[in-house]
Amino acid sequence: MLGSRGDELFHFAHGQDARELVLEQDFKSIGEETTFPEDVPRMEQVYPVMNLLVQDVGFRLRQAGQGARKITVKLRLANFITLTRSKTLDQAVQADQKIYQTAVELIKAMNPIGPFRLLGLQLSNLESSSWLCQLSLWDDGGGRREAELHRVVDGLRGKYGRPVLFRAAGLTAGRDRAGRKAKR
């Protein structure tokens with residue numbers, strides 16, 4: 001009845017699989033999204049949450065030794081209409097500030113009207129971050145300082161978990177990412 005796949009499906013159904021186990025895969029993208037427990041009425045409340053998403057995704061990007069050339073933002077409205085915008089950059093980035101600036105540009109380009117239900121961020125077109133070792137002829141040292149800052153913060157985060165350190169822009173009047181009152 002199932003043709004040439006019948007035998008294979010029979011074996012799978014009985015827990016028999018002779019294929020080699022592959023534990024490591026190359027990432028095609030790194031992303032994260034959050035659904036708000038209550039609809040967020042104003043765009044000003046969305047930006048701090050995007051900042052936290054950027055810090056989480058940026059950390060995972062750097063841990064994977066990757067840089068991203070494409071940044072995609074997803075925003076779902078209260079009526080379940082989903083808006084997405086993407087931007088492909090000239091060169092790969094892994095700095096939180098550049099990712100955040102691009103994400104905010106994409107949100108503003110959507111010109112959304114709230115309330116908002118979900119926010120997401122995806123980084124793709126990943127490249128090895130070995131290019132970071134090559135400094136620009138025009139680098140004033142800011143790129144090196146930011147890379148060193150990320151190295152230190154990521155090291156602390158890797159040792160103690162998240163969020164040991166985070167940008168103050170991610171704070172939302174004593175609320176966590178999901179909009180709940182933060183425990184003190």
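The basis for the numbers below is simple: all heavy atoms, side chains too, and nothing from hydrogens, waters or symmetry mates.
We find that Glu33 and Arg76 are not joined by a salt bridge, their nearest charged nitrogen and carboxylate oxygen being 4.0 Å or further apart. A salt bridge does not link Glu105 to Lys108: none of the charged side-chain nitrogens sits closer than 4.0 Å to a carboxylate oxygen.
To the nearest 0.5 Å, atom CE of residue Met43 and atom CG of residue Asn111 are 8.5 Å apart. Taking CD of Gln94 as the reference point, atom CD of Glu127 lies at 11.0 Å (rounded to 0.5 Å). Rounding to the nearest 0.5 Å gives a distance of 6.5 Å between CD1 of Ile30 and CD of Gln66. Note that CZ of Phe36 is 10.5 Å distant from CZ of Arg117, once rounded to the nearest 0.5 Å. For the atom pair CG of Asn125 and CG of Leu89, the computed distance is 9.5 Å after rounding to the nearest 0.5 Å. For the atom pair CG (Leu9) and CG (Leu2), the distance works out to 6.0 Å, reported to the nearest 0.5 Å.
Note on Ile107 and Ile113: separate hydrophobic clusters, where clusters join Ile, Leu, Val, Met, Phe, Trp and Tyr whose side-chain heavy atoms are under 4.5 Å apart, directly or indirectly.
Distance alone, capped at 3.5 Å, places no donor-acceptor pair between the Arg69 side chain and the Lys87 backbone. In this structure a side-chain-to-backbone donor-acceptor pair under 3.5 Å is missing from Arg85 to Ala109. Without hydrogens or angle criteria, Glu8 side chain to Arg5 main chain gives no donor-acceptor distance under 3.5 Å.
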Trace of the side-chain contact (heavy atoms from CB on, under 4.5 Å) decision for Thr34 with Leu118: CA-CA 6 Å; Thr34 186; Leu118 176 142; over 6 Å; no

Go through the steps for Thr72 and Leu121 under the test side-chain contact (heavy atoms from CB on, under 4.5 Å), then give the verdict. CA-CA 6 Å; Thr72 303; Leu121 173 69; over 6 Å; no

Checking side-chain contact (heavy atoms from CB on, under 4.5 Å) for the pair Leu83/Lys74: CA distance, chi angles, key distance, verdict? CA-CA 6 Å; Leu83 308 171; Lys74 177 180 177 180; over 6 Å; no

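Counting heavy atoms of neighbouring residues, nucleotides and ligands inside a 6.0 Å radius, atom CZ of Phe10 does not exceed 12 of them.
Heavy-atom minimum distance, Ala68 versus Leu61: N-CD2, 4.1 Å. Between Leu53 and Glu32, the closest heavy-atom pair is CD2-CG, 4.0 Å. Contact detail for Gly67 and Ala92: the closest heavy-atom pair is C-CB, 3.8 Å.
The side-chain heavy atoms of Met50 and Val73, taken from C-beta on, include a pair separated by under 4.5 Å. Side-chain atoms of Gln45 and Val49, non-hydrogen and from C-beta on, never get closer than 4.5 Å to each other. Contact check for Asp96 versus Phe59: no side-chain heavy atoms found under the 4.5 Å cut-off. In this structure, Phe116 and Asp39 have side chains that are not in contact, with every pair of non-hydrogen atoms separated by 4.5 Å or more. With contacts defined as side-chain heavy-atom distances shorter than 4.5 Å, the pair Val40/Pro115 does not qualify. When side chains are defined from C-beta on, Met110 counts as touching Leu75, because their heavy atoms get closer than 4.5 Å. Residues Ile99 and Val93 have side chains in contact (heavy-atom distance under 4.5 Å, counting atoms from C-beta outward).
Annotation: side-chain hydrogen bond (donor to acceptor under 3.5 Å, both in side chains) contacts of Thr84 (sequence neighbours excluded): none. Legend: residues meeting side-chain hydrogen bond (donor to acceptor under 3.5 Å, both in side chains) with Gln101, ordered by chain and number and at least two apart, are absent.
Between the side chains of Ser124 and Ser29, no donor N or O sits under 3.5 Å from an acceptor N or O.
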